[in-house]
Trainee: 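This is the structure, below, for whatever I ask next.
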Amino acid sequence: MHASAYEVLASAASGTLSSFWLLIVIPAASGGILLLLGRRADRWGHLLGCASVGVAFVLGLVYFFQLGGLPATDRRATLDLFTFIQVAALKVDFGLLFDPLSAVFVLLITGVGFLIHVYAVGYMADDPKRRTFFAYFNIFVAAMLLLVLGNNYVMLYIGWEGVGLASYLLISFWYTRPSAATAGKKAFIMNRVGDAGLAIAIFVMFANLHTVSYDGVFANVDRFTSGTTLALGLLLLIGACGKSGQFPLQAWLPDAMEGPTPVSALIHAATMVTAGVYLIARSNPIFDANPTAQAVVAAVGAVTLLIGCIIGCAKDDIKRVLAWSTVSQIGYMFLGVGLGGGAYALAIIHLLAHGFFKAGLFLGAGSVMHAMNDQVDIRRFGGLWKYMKITWITFGVGWLAIIGIPPLSGFFSKEPIIAEAFDRPGWAGWVLGFAALLGAGLTAFYMTRLFVLTFHGPERWTDDIKHPHESPPVMTVPLMLLAIGSAAAGALMATPVQDWLNPTVFGVEGGEVPEHVHLSHTVVTILSIAITVLGGLLGWWLFRNGTSLQEQPAGPVVTAARKNLYGDTVNETVFEKPGTYLTRALVYFDNKGIDGLVNGLAAAVGGGSGRLRRAQTGFVRSYALSMLGGALLVAVAFLVVRLG
Amino acid sequence: MNGFTIATPAQVLAIDVRLPDLDYAAMAPMLVLFGAACLGVLVDAFAPRQSRHTIQFALSFIALTVALLAVIREARVGSRELTADVALAIDGPTLFLQGTLAVLGIVALLLVGERALEKGGPFVSQAAIPVGSEADRRQAREEGATEVFPLTLFALSGMMLFVAANDLLTMFVALEVFSLPLYLLCALARRRRLVSQEAALKYFLLGAFASAFFIFGMALLYGFAGTVSFGGIHDAALLATTSPLLLFTGLAMVAVGLLFKIAAVPFHVWTPDVYQGAPTSVTAFMAACTKVAAFGGLLRVLYVAFDRARWDIEPVIGTIAILTMLVGAILAVTQTDIKRLLAYSSIANAGYLLVGALAFSKEGLSSAMFYLAAYGFTVIAAFAVITLVRDDDGEATHLSRWAGLGREAPLVAGVFTFLMLAFAGIPLTSGFTSKFAVFGAALGVGEAWPVALVIVGVVTSMILAFPYLRVVVMMWLSEPAEQSPTVAIPGAFTSAALMVGVLATLLLGVFPSPVLDLADRAAEFIR
């Protein structure tokens with residue numbers, strides 16, 4: 001109903017709103033200044049970095065209220081800065097769009113981003129390259145803002161590439177471990193698979209409609225055949241999966257956690273990984289037009305949220321547990337956007353709540369690592385509550401929020417998604433609903449395990465730690481603010497955000513009461529609270545006395561979970577091996593190629609090529625022969641095409 | 001049948017022998033360059049040794065500037081005409097590509113004329129002296145050959161003729177005029193002379209082989225159409241009274257000759273060896289200008305002479321385009337020498353250009369021309385950076401030697417990073433806009449082949465991003481090698497070339513519209 005009803009609203013930005021391009025320019029300019037000035041900016045660089053994001057947040061608030069002051073139907077502002085590309089039929093404007101959906105993302109990115117920036121001032125205090133770090137941070141924020149503020153898919157793609165590139169360099173920048181190359185490569189390749197999906201989707205839109213602007217595409221969705229909407233939906237989903245670490249492209253995200261903790265918090269909790277959810281929510285008319293594509297999105301979400309939970313139960317590295325919980329929570333968001341209708345807004349609410357509590361959890365983990373000489377193994381923590389009261393309490397709030405204990409934010413954001421899942425008609429409702437419910441129980445279990453092993457039970461520290469200390473205020477204040485957000489955001493946001501997003505962005509009228517197909521809302525609420533408490537109690541019971549320091553022999557399920565459910569093995573078989581063989585085959589047929597191996601990357605792709613070198617002669621006669629063969633083939637091909 | 005008759009003198013006189021009309025203004029760019037090149041030969045013969053380099057450089061620079069002005073003048077007049085008895089077509093594409101060649105030629109000339117990086121310049125004094133002989137050791141201290149300037153000008157005049165040629169015979173002459181100087185230029189490296197000479201010999205032998213295919217194809221097409229002019233072949237294909245066997249075999253052979261020059265698979269084999277062996281400034285010149293000229297010629301042949309055979313061309317050349325993209329992208333991944341890596345990237349880029357060319361539309365033509373201009377600037381700048389990274393043996397081109405360059409020389413590494421991102425097609429560089437333009441043009445046609453080509457194009461450009469970013473990561477994140485190469489301080493010429501290349505890459509990425517407009521307005525062949 002909504003797809004064909006999409007109306008293009010004339011809405012050039014006016015008044016204060018006409019300057020909302022500043023949101024992107026301020027952090028970008030700050031990042032550029034920090035890079036250009038070099039060491040001269042070392043002493044105050046971090047302050048400029050924080051200030052620019054802070055200013056962007058304040059501006060974002062001003063624009064947000066401006067937008068809110070408009071009547072509901074007029075709540076969008078566009079800016080066409082200049083024509084970017086114009087080739088005959090194709091015209092792409094460098095255009096921006098500020099509407100309720102982008103406004104929400106702007107506030108999340110700049111708000112949570114600002115707190116993480118402040119925290120990083122303390123966390124990176126001893127690092128000689130702190131200024132460069134803040135420059136990359138700012139550029140990353142600017143790219144993410146461009147991603148959510150563009151008014152067409154090409155702008156989105158520019159921001160998308162920018163975010164990917166910035167994060168790739170930011171993660172790799174801090175690598176000192178040998179696993180660096182592999183992890184960086186994995187992140188890169190999986191993101192490229194996703195990017196290819198998005199790029200092809202954009203070209204499909206252009207080929208069909210000769211436009212790539214949101215307005216132009218969404219207004220004409222009914223001109224697509226159902227095959228085209230399905231293809232578009234799946235291609236966009238591949239793009240979203242790549243960026244958001246969803247099945248089957250989930251394996252890179254936890255590996256990329258090896259960077260410094262503020263990077264993990266900013267990139268992999270609050271902003272970058274949410275780009276996939278944004279992409280699908282923004283493209284809602286396309287998904288609404290094709291129930292099959294929606295069902296696939298929901299299924300991907302359900303599978304991923306279970307994968308994330310199961311692996312999260314088996315990990316002992318504090319940041320990896322949090323990373324897999326990110327994968328799992330974004331699975332809930334995908335489930336939400338896949339359910340469509342009113343669930344779009346629920347997914348966005350969960351995204352906002354998750355932004356708060358996951359940033360808080362990551363920064364709390366950073367605070368713990370700070371106290372424990374960068375130890376990340378939760379088997380070597382324990383009893384920390386006595387020594388770091390603020391971290392303990394704020395982490396505790398985040399823990400209760402993520403597992404969904406009322407009245408913290410996770411409860412208000414996650415439970416409605418579970419209820420929506422049960423409302424899907426047919427067996428799909430049962431499957432999706434129980435997957436979501438089971439996920440809630442597992443989340444409660446592994447997050448409780450993480451919390452109890454870190455802060456309670458006997459002290460199992462390594463010998464070099466004598467007196468753990470609480471972090472400085474520059475780190476604890478952001479923690480406290482994020483904890484307040486994690487606690488209160490859910491209850492405060494749930495209804496207003498739905499009213500804010502539904503009518504304008506998702507075309508859902510207020511007051512629609514969903515039909516309860518399988519279970520009533522009350523039953524779902526009771527069930528989900530019960531299973532959460534059960535999972536939490538089980539986690540506390542099993543780990544209240546700590547755990548052994550060695551890895552225990554385990555059954556097949558735990559072993560599989562420890563090995564990331566064989567995700568890496570699958571990737572290796574599906575992506576890497578064929579690539580390697582293809583390359584080897586091509587090198588074999590090409591006459592000359594390899595001079596030797598540079599590094600591990602080349603070794604992975606070009607391995608075994610040393611043996612082939614003897615076959616690559618570089619002789620002119622063999623070159624001439626291949627040309628002659630080619631010429632014959634071309635001639636024969638022409639004749640076959642023509643006469644055959 | 002009364003056999004053949006011999007014309008009597010009276011009959012010979014009766015044949016109306018008239019000179020073709022020549023529009024000198026339209027031919028001025030080519031004539032200026034050709035004249036300056038001949039003058040350059042005289043300068044080399046008579047000018048005193050120590051002032052030759054200065055005179056030659058000034059002469060070449062002025063000649064190219066005048067040629068550029070002549071192109072601009074002709075474009076402002078709005079010429080659209082066949083001249084020299086339909087042997088030359090002066091139309092939009094000719095002028096756009098000649099202008100591109102002149103500008104890229106000036107930028108490449110700056111690299112060729114650079115002498116600050118190495119005593120005596122990057123060229124050997126006398127290439128004929130055997131390598132390793134006593135005379136060779138003596139000439140190591142001598143100044144480099146100044147013949148490179150007239151050779152470059154001869155090559156550029158041939159390229160300009162090539163993009164204007166409107167019949168196969170003129171095109172063949174132009175092909176040889178620009179190829180022969182290139183063979184010589186490849187052999188003139190001061191360092192690693194054997195590799196350089198081997199590259200030149202390979203290029204020459206294979207180039208001659210490819211030329212033979214071209215001539216054979218020309219003969220077959222003459223047999224088919226009774227003429228070698230593109231318009232005549234076009235008309236004959238419409239009537240098609242003779243066997244299409246001649247037409248399509250001829251087309252195939254001519255195509256082989258042209259595909260060799262643009263380095264399409266399977267006629268790409270020479271590219272990595274030649275790019276690696278030739279002096280880097282010459283490689284830059286070839287990578288930018290030869291690509292422009294060869295594609296200009298190919299576009300004219302396809303669009304003017306064979307547009308009626310479009311449905312037969314698409315599957316064959318389309319398959320070649322797919323192979324070219326795949327082989328270029330995948331083999332780039334395994335390269336360990338930066339010049340070979342750029343050679344494979346140039347092969348893959350030929351594939352992307354073919355995607356635009358096979359659209360057989362005005363947009364296809366304009367986007368391919370834009371791509372040629374954008375790619376030319378980026379590739380010249382990239383090779384300019386390569387001339388700067390040196391050790392005792394000259395340029396250090398093995399990738400392992402580039403590790404940790406970011407610490408050594410952040411500015412140079414930063415510039416190269418930007419260029420690599422442009423090659424990878426990251427938005428806000430010309431690499432993105434040009435790829436977007438050709439893929440968009442191909443999809444605008446809305447048929448199966450172009451769509452398949454675009455999908456392969458997108459996928460391979462994702463693969464190709466990997467080797468580029470690997471270089472970036474090596475420069476910034478790896479530990480420097482024990483004896484890392486030094487980064488030479490670029491002389492004024494190299495700095496200027498770099499600046500132009502980088503600025504053009506940035507501007508064509510952020511504000512591509514003016515040049516896209518220009519290409520769009522120029523995109524119409526006359527027949």
Side-chain angles (χ1 to χ4, degrees), chain A residues 82-90 154 157-158 161-162 165 168-169 172-173 175 184 188-189 192-193 195-196 199-200 203 206-207 210 582-583 586-587 590-599 601-602 605-606 609 618 620 623-624 626-627 629-631 633-635 637-639 641-643, chain B residues 202 205-206 209-210 213 244-245 248-249 251-253 255-256 260 266-267 269-270 272-273 312 315-316 319 327 330-331 333-337 362-363 366-367 398-400 426-428 433 436-437 439-441 443-444 446 451 454-455 458-459 462 465-466 469-470 473-474 477 512-513 516 520:
Chain A
F82 59 89
T83 301
F84 181 45
I85 297 173
Q86 183 161 28
V87 197
L90 173 63
V154 172
Y157 186 78
I158 293 176
E161 289 278 356
L165 197 68
Y168 179 64
L169 293 176
S172 305
F173 197 83
Y175 267 143
F188 183 71
I189 290 174
R192 290 317 273 182
V193 173
D195 293 354
I200 293 174
F203 281 120
F206 169 70
H210 287 263
L582 181 62
T583 314
L586 272 176
V587 169
D590 205 69
N591 287 305
K592 196 173 159 110
I594 311 296
D595 307 309
L597 300 172
V598 190
N599 54 21
L601 298 181
V605 188
S609 53
V620 172
Y623 288 0
S626 77
M627 276 178 58
L633 278 181
V634 171
F638 265 119
L639 295 178
V641 167
R642 180 63 188 179
L643 310 170
Chain B
K202 273 181 189 166
L205 288 173
L206 296 172
F209 196 46
F213 280 109
L245 191 69
F248 284 98
T249 327
L251 167 59
M253 294 299 124
V256 168
F260 172 83
F267 312 106
V269 277
W270 57 276
D273 289 4
D312 308 298
V316 180
T319 312
V327 168
I330 293 175
L331 286 183
V333 174
T334 64
Q335 297 310 311
T336 55
D337 183 288
K362 189 171 171 349
E363 291 81 58
S366 71
S367 63
H398 198 274
L399 270 183
S400 61
I426 301 292
L428 303 185
T433 43
F436 196 91
F439 292 163
L443 284 172
V451 173
V454 168
I455 290 176
V458 172
V459 172
M462 299 291 162
F466 183 62
L469 285 193
R470 202 183 77 201
V473 169
M474 286 211 57
L477 305 176
S513 287
L516 276 171
D520 199 45

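Chain A is the first sequence line, chain B the second, and so forth, proteins listed ahead of strands; every chain is numbered from 1.
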Trainee: How close do A:A635 and B:A252 get, heavy atom to heavy atom, and via which atoms?
Mentor: CA-CB, 3.5 Å
Trainee: Run the ring-ring contact (aromatic ring centres under 6.0 Å, His included) test against B:F213 and tell me which residues pass, sequence neighbours left out.
Mentor: B:F209
Trainee: Dump the intermediate steps for side-chain contact (heavy atoms from CB on, under 4.5 Å) on A:F206 and B:V454, then the final yes or no.
Mentor: CA-CA 12 Å; A:F206 169 70; B:V454 168; over 6 Å; no
Trainee: If you count heavy-atom pairs under 4.5 Å with chain A, which of B:T319, B:V459, B:I455, B:L428 comes out on top?
Mentor: B:L428
Trainee: side-chain contact (heavy atoms from CB on, under 4.5 Å) for B:D273 and A:Y623? Distances and angles first, verdict last.
Mentor: CA-CA 11 Å; B:D273 289 4; A:Y623 288 0; 2.6 Å; yes
Trainee: For the residue pair B:P266 and A:S626, what are the closest heavy atoms and their distance?
Mentor: O-OG, 4.2 Å
Trainee: Students often mix this up, so state it plainly: with edges at 30° and 60°, are the rings of B:F248 and A:F638 parallel, tilted or perpendicular?
Mentor: tilted
Trainee: Which pair of non-hydrogen atoms, one from B:V458 and one from A:A199, has the smallest distance, and what is that distance?
Mentor: CG1-CB, 3.8 Å
Trainee: In chain order, what residues pass the ring-ring contact (aromatic ring centres under 6.0 Å, His included) check against B:F260, with sequence neighbours excluded?
Mentor: B:W270
Trainee: Pick from B:V316, B:I426, B:V256: which one has the most heavy-atom pairs with chain A under 4.5 Å?
Mentor: B:V316
Trainee: Tell me, side chain or backbone of B:P315 under 4.5 Å from chain A's heavy atoms, or both, or neither?
Mentor: side chain
Trainee: Measure distances from B:L206 to the heavy atoms of chain A and classify the residue's part below 4.5 Å as side chain, backbone, both or neither.
Mentor: both
Trainee: Ignoring hydrogens, what is the shortest heavy-atom contact between A:A631 and B:M253? Give both atom names and the distance.
Mentor: O-CE, 4.2 Å
Trainee: Could you give the distance from CG (A:L639) to OG1 (B:T249), rounded to the nearest 0.5 Å?
Mentor: 4.5 Å
Trainee: Provide the closest heavy-atom pair for A:M627 versus B:A210 in the form atom of the first, atom of the second, distance.
Mentor: CE-CB, 4.1 Å
